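This report refers to the structure that appears directly beneath it.
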Amino acid sequence: MKIVTDKINSEPNHSITKKDVKAIIGIVPDDWIGIAHVFSISSQLFENSNWDRPVIQNNTTFKILSRGIDRNEIIKELLIELAIRPTKTYPPKGHSLTKSQRKKLEELIMPYYNKLTE
């Protein structure tokens, strides 16, 4: 498992750190990590992406677009992304979750989220 943080030269800064990602990995069930090998805290700004969520798993990499987004929101989004595969929640189109899928995932991750944000 590898955690990579892209260097940035301007504001806004990353809202989470490698330490935050390690804490998340340490608290979730092992099967939530699955085949992922890299957690990439990206220098890309979320608003410049074509994604509807700031955290996306693509094959073996979790790409995290945390710049300018509240730390707790990124923690929540990473937990949701981690929970997608083990719960067999398959987004119907691309990486977009339906409202009901998102609600179920949010309910599932709340105990972990609460432990991480206490």
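Not measured: the values here are computed from a predicted model. Counting begins at 1 with the first residue of the sequence.
Taking CD1 of I27 as the reference point, atom CG of L79 lies at 8.0 Å (rounded to 0.5 Å). One distance of note links CH2 of W32 with CD1 of I24; it measures 11.0 Å at 0.5 Å rounding. A distance of 8.5 Å separates CZ in F62 from CD1 in I25, rounded to the nearest 0.5 Å. In this structure, the separation between CD1 on I56 and OG on S42 is 12.0 Å, given to the nearest 0.5 Å.
Under the 4.5 Å side-chain heavy-atom criterion for grouping Ile, Leu, Val, Met, Phe, Trp and Tyr, I3 is not connected to I8 through any hydrophobic cluster. Following chains of ILVMFWY side-chain contacts shorter than 4.5 Å, one cannot reach L45 starting from I16, and the two form parts of different hydrophobic clusters.
In this structure, the side chain of H14 does not engage the main chain of K7 through any donor-acceptor pair within 3.5 Å. Panel note: side chain Q101, backbone T98; a donor-acceptor pair is recorded below 3.5 Å. Using a distance-only test at 3.5 Å, with no hydrogens or angles considered, a donor-acceptor pair links the side chain of S15 to the main chain of S66.
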I would like to know whether L97 and I80 meet side chain to side chain contact (heavy atoms under 4.5 Å, CB included); could you show each step before the answer?
CA-CA 10 Å; L97 294 169; I80 287 170; 4.0 Å; yes
Take M110 and N114, measure what side chain to side chain contact (heavy atoms under 4.5 Å, CB included) needs, and give me the verdict at the end.
CA-CA 6 Å; M110 284 317 282; N114 289 335; 3.9 Å; yes
Dump the intermediate steps for side chain to side chain contact (heavy atoms under 4.5 Å, CB included) on Q44 and K63, then the final yes or no.
CA-CA 10 Å; Q44 183 179 6; K63 191 163 184 181; 3.4 Å; yes
Which is it for I33 and F39 under the side chain to side chain contact (heavy atoms under 4.5 Å, CB included) test, yes or no, and what are the steps along the way?
CA-CA 10 Å; I33 306 300; F39 288 82; 4.2 Å; yes
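Across D6 and S40, no two heavy atoms sit closer than the pair OD1-OG, 4.5 Å.
Residues passing the side chain to side chain donor-acceptor pair (under 3.5 Å) test with T87, sequence neighbours excluded: T89.
Within the structure, the salt bridge (Lys or Arg N to Asp or Glu O under 4.0 Å) test picks out the following pairs touching residues 65-91 (sequence neighbours left out): D20-R71, R53-E81, K76-E106, E77-R102.
At a cut-off of 3.5 Å, with distance as the only test, a side-chain donor of S96 or D52 sits close to an acceptor on the other residue.
Residue-environment remark: CG (D30) stays at or below the threshold of 12 foreign heavy atoms within 6.0 Å.
Residue V4 shares its hydrophobic cluster (ILVMFWY side chains chained together at separations under 4.5 Å) with V38.
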